[in-house]
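What follows is a short report on a single structure.
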Amino acid sequence: MMSPQNLAVGAAAVGLAGREGEILRRVLVASAVLVPALCLLVSSTRRSTPDPRARCCCPTPVAGPPGTSRSRPRPV
């Protein structure tokens, strides 16, 4: 989100003081194009998931702390 104060400070810093309205219009046009494009991208990748209830692909830990039944013996 673009705040008017940040817009005024940024415009003054780059020598475009007084042209904040033009900058805001350009930002809004770019946002109006990018937001729907990103929504389509996210929704298309979500639909490609075979089962929404599928488990996470993160590996489960194999070895527990030493001395527990889940610990693996050390290789020799």
Taking E20 for the side chain and G18 for the main chain, is one N or O donor matched with an acceptor at less than 3.5 Å?
yes
What pair of heavy atoms forms the shortest contact from S31 to P36, and how long is it?
O-CD, 4.1 Å
Nearest-0.5 Å distance that lies between atom CG in L7 and atom CG in L24
6.0 Å
Indicate, with yes or no, if L41 and V33 share a hydrophobic cluster defined by side-chain heavy-atom contacts under 4.5 Å among Ile, Leu, Val, Met, Phe, Trp and Tyr.
no
